[in-house]
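Counting starts at 1 for both ligands and their atoms, following the listed order.
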Amino acid sequence: MATVHPYQPKHITPTDEQIAVQMSAERTLIIEANAGAAKTTTLALRMAQAWTTGMPPERCLALTYTDTACQALQAALRKIGVPAPVVARFRIASFDAFCAAMLQEPYGPPVEQIDTQEALRPYVWEAVQRIEANESERWPEELQLPSAGDAGFIEDFLAMALWLKGTMKDDLERDDGPATPDYAGDLGIGYTQLKVFRAYERIRRRELADEPLFRGPYDATYDLARRLLEGDTAASLRRWPRNLQMVLVDEMHDMNAASFRVLRELLDSTQCQFCGVGDRDQVIYGAHGADAVFMGDAITVHTGRPVARLPLTPSHRFGRKLATKAGRLADKPYGSLAAHDTAVQLLCYDDEAECVDLIAHQVQHWRTATRGKMAGLAVLLRHPGQSIAIENRLLADGVPYTVSGFESYLLRPEVLLVRGLLAVATDNFDSVTEPRTREKLMRALVFFCGARIVVNGREHESQHDLLADAIRSVTDNPLFLESFFTNQILPNVEPAMQQRLQRALKVAKEAHGPDTLARLLEALQIDAVVREVFVSRQRRADALANLAGLSHAAQAFGSARDYFLHLNAAEQRQRELRSTASLVLAHIGHVKGLEFEHVLIPYLEQGAFPDPQAPVAQEKNTLYVGMTRARQQLTLLAHRQRPSAFVAQLGYAESTQAAKAPA
Ligand SMILES: Nc1ncnc2c1ncn2[C@@H]1O[C@H](COP(=O)(O)OP(=O)(O)OP(=O)(O)O)[C@@H](O)[C@H]1O
């Protein structure tokens with residue numbers, strides 16, 4: 001038999017453990033290992049090995065849960081020396097994108113994807129109304145239908161639906177009988193939720209015709225999994241990849257029942273080798289039904305394939321000091337083989353201003369030490385609302401940054417609403433130079449005000465088309481903004497909103513002094529507007545925090561006009577500064593799978609992180625994910641008087657009072 005030579009990667013010397021995985025002839029292999037222990041890199045080695053020994057890259061399908069994880073795998077392939085054109089030939093996709101492609105009819109239009117709770121809300125209400133109108137309901141006394149406008153119901157319902165679809169509980173456990181209160185109890189949900197869920201799904205799937213009207217987040221995975229569960233097979237799916245030789249799953253801890261059902265079909269319908277890698281302590285999508293149980297014996301139970309397991313033990317990303325902290329947080333052994341050590345420091349602050357000062361100090365230090373290699377530095381946040389003060393400071397200091405996992409606060413809808421009103425009041429839309437921002441700003445005005453566009457003679461056309469036309473004409477000629485507002489927004493909103501808008505415009509036009517923006521928001525009754533428009537409590541809190549940050553920053557300006565011009569200039573400056581050498585300001589969940597030389601995690605304080613609304617185990621995993629992104633240095637910033645409970649878990653209990661900023 002010919003000897004198979006191991007693929008020789010660039011940049012790294014694989015350990016024996018890695019070579020064992022790279023060369024393994026096992027048909028089904030699962031690797032559970034710590035963050036930074038080279039899981040993604042070792043998958044890349046296995047792919048490179050198969051390619052150099054004759055497998056066409058198209059016959060390898062690598063699936064993950066997020067787009068970021070796809071990028072991390074592509075980056076790992078490039079790093080070990082696989083040429084970019086070959087990397088592009090591997091099939092690397094998120095489960096949802098793969099499933100959407102499998103379900104796409106060859107000549108049909110793509111199914112509309114709806115990703116915001118606000119856009120899904122009307123369909124939930126339609127489902128509620130159906131249940132309300134059902135005269136043959138068998139357990140009317142068990143129904144607790146919400147009153148109109150109950151955003152809490154919508155939020156809870158959509159969260160429950162995401163979980164129910166991820167776990168597929170209703171599909172796996174239902175019998176042919178009607179939904180009963182007892183059955184809902186068995187699923188762990190309320191009877192009302194179950195009834196609304198089934199009605200909502202009938203609406204979404206056009207009365208079970210399986211040509212969905214739309215898909216929400218992760219619905220493509222659910223739709224495909226459900227079809228497979230109901231007896232469809234790979235053979236009936238025209239786009240199914242039939243000749244796969246290798247299937248891989250990165251971040252396997254994110255797998256839920258729906259994605260597992262799809263994986264089963266891939267394993268049953270092809271002769272492929274399988275390798276999955278994951279880390280139980282990185283489960284942060286429990287709300288989507290993610291469960292480490294799928295890394296256990298589930299594959300053997302459902303496909304009959306025996307599973308071999310191989311270890312990847314030490315971290316290569318970070319050194320001993322950080323490995324010790326991560327091990328302490330996750331309560332597991334954690335070694336390191338990295339050639340470098342990783343400094344870990346805790347800085348303490350008394351208030352937000354001091355926290356931002358400390359961040360700015362670290363940023364300047366890094367900038368000088370690396371001669372501007374800012375891309376190695378990441379500030380990781382638990383919530384987007386925490387970015388405002390940091391962004392303002394970075395802009396003031398001329399530091400280039402990009403955001404990931406959220407929009408820059410300057411482009412968040414509620415801030416765009418304010419910028420839109422200021423544009424109308426000052427009649428100076430010209431100073432918003434970016435056409436995409438002009439468009440977003442107009443959409444924010446329509447969205448928050450609840451306006452319906454009316455054009456004589458075009459009543460039969462959709463709101464979508466009418467708004468697109470209006471946006472085109474105003475972005476081309478900013479002078480039309482004023483007439484768009486006067487003719488299309490003001491007359492076409494509820495009378496209460498009309499009054500609020502008129503009062504807010506009056507303030508913007510006439511008031512002067514540092515509290516102008518606060519008065520404008522008061523005239524707008526912004527709390528009520530935010531409450532009416534957003535579904536989720538967190539999103540409402542974030543919106544109000546964003547606007548409070550905006551008001552605070554506006555105090556430095558004498559008039560609404562000056563502040564408006566400043567915001568436009570700040571946005572332009574952020575765009576100009578942004579480059580490949582930008583600092584990354586990101587949501588922690590959005591950088592899972594990535595790594596940075598220096599990671600800062602601010603706002604470790606009670607009420608912020610752990611988020612009291614989220615399960616504490618998941619919050620701990622989120623911090624673990626954030627901390628383990630660092631290669632050279634990790635800087636944690638905690639409140640001196642009210643430190644996060646995690647600070648003590650990391651072994652800093654005694655020192656928060658004393659900890660000082662480094663010289
Ligand atoms: N043998 C090696 N020698 C040195 N560095 C290595 C080696 N193997 C992997 N690395 C590096 O270690 C770092 C972490 O690897 P990788 O991203 O594959 O870990 P991971 O287990 O997938 O992490 P996570 O679970 O956090 O996504 C990367 O920078 C990678 O290039």
Among Arg264, Met168, Glu265, which residue meets the side chain to side chain contact (heavy atoms under 4.5 Å, CB included) test with Leu229?
Met168
So, Tyr624 and Gln282: side-chain donor and acceptor under 3.5 Å apart, yes or no?
no
How close does the nearest protein non-hydrogen atom get to atom 18 (O) of ligand 1, and which residue and atom is it?
Thr41 OG1, 2.5 Å
N/O of Thr628 under 3.5 Å from N/O of ligand 1, yes or no?
no
Distance from atom 12 (O) of ligand 1 to nearest protein heavy atom, with residue and atom:
His316 CB, 3.2 Å
Heavy-atom nearest neighbour in the protein, as seen from atom 17 (O) of ligand 1, with distance rounded to 0.1 Å
Arg317 NH2, 2.9 Å
Distance filter under 4.0 Å to Asn34 heavy atoms, resulting ligand 1 atoms
21 (O)
Could you check whether any heavy atom of Ala33 sits closer than 4.0 Å to an atom of ligand 1, since that is the contact criterion I want to use?
no
Please work out which of the three classes, parallel, tilted or perpendicular, describes the rings of His302 and Phe260, given edges at 30° and 60°.
perpendicular
Per-atom contacts of ligand 1 with Glu251, taking only distances under 4.0 Å to non-hydrogen atoms:
27 (O)
Less than 3.5 Å apart, any donor N or O on the side chain of Gln606 or Ser644 sitting next to an acceptor on the other?
no
Residues Asp542 and His383: side-chain donor-acceptor under 3.5 angstrom
no
Below the 3.5 angstrom mark, is there an N/O of Thr40, backbone or side chain, next to an N/O of ligand 1?
yes
Can you find a non-hydrogen atom of Pro14 under 4.0 Å from ligand 1?
yes
Please determine whether any non-hydrogen atom of Arg631 lies less than 4.0 Å from an atom of ligand 1.
yes
Could you tell me whether Tyr218 and Tyr285 have their ring centroids closer than 6.0 angstrom?
no
Has ligand 1 got any nitrogen or oxygen that is less than 3.5 angstrom from a nitrogen or oxygen of Ala35?
no
Under-4.0 Å salt bridge between Asp281 and Lys620
no
Atom 5 (N) of ligand 1: which protein heavy atom is closest, and how many Å away?
Ile12 CG2, 3.6 Å
For ligand 1, is there an atom lying under 4.0 Å from some heavy atom of Leu594?
no
Aromatic plane relationship, Phe609 with Phe646 - under 30° parallel, 30 to 60° tilted, over 60° perpendicular
perpendicular
Does atom CG of Asn243 have more than 12 heavy-atom neighbours, drawn from other residues, nucleotides or ligands, at distances under 6.0 Å?
yes
Can the positive tip of Lys325 be found less than 6.0 Å from the middle of the six-membered ring of Phe318, inside 45° of the ring normal?
no
Under 4.0 Å from any heavy atom of Thr13, which atoms of ligand 1 are there?
1 (N), 2 (C)
Classify the angle between the aromatic ring planes of Tyr603 and Tyr349 as parallel (below 30°), tilted (30 to 60°) or perpendicular (above 60°).
perpendicular
At what distance is the nearest protein heavy atom to atom 25 (O) of ligand 1, and which residue and atom is it?
Lys39 NZ, 2.6 Å
Tell me whether Asp279 reaches ligand 1 (any heavy atom closer than 4.0 angstrom to a ligand atom).
no
I need the nearest protein heavy-atom contact for atom 8 (N) of ligand 1: residue, atom name and distance, please.
Gln18 NE2, 3.0 Å
Step through the shown structure and confirm whether more than 12 heavy atoms of other residues, nucleotides or ligands are within 6.0 Å of NZ on Lys332.
yes
Could a heavy atom of Gln282 be found less than 4.0 Å from some atom of ligand 1?
yes
Val277 and ligand 1 - part of the residue with a heavy-atom distance under 4.0 Å
neither
Distance-only donor-acceptor check, side chains Ser387 and Arg412, under 3.5 Å:
yes
Examine the proximity of ligand 1 to Arg629 and report which part, side chain or backbone, both or neither, has a heavy atom under 4.0 Å away.
side chain
Nearest-contact summary for atom 31 (O) of ligand 1 - protein heavy atom, Å
Lys79 NZ, 2.7 Å
The protein heavy atom nearest to atom 29 (O) of ligand 1 is Glu595 OE2, 2.5 Å
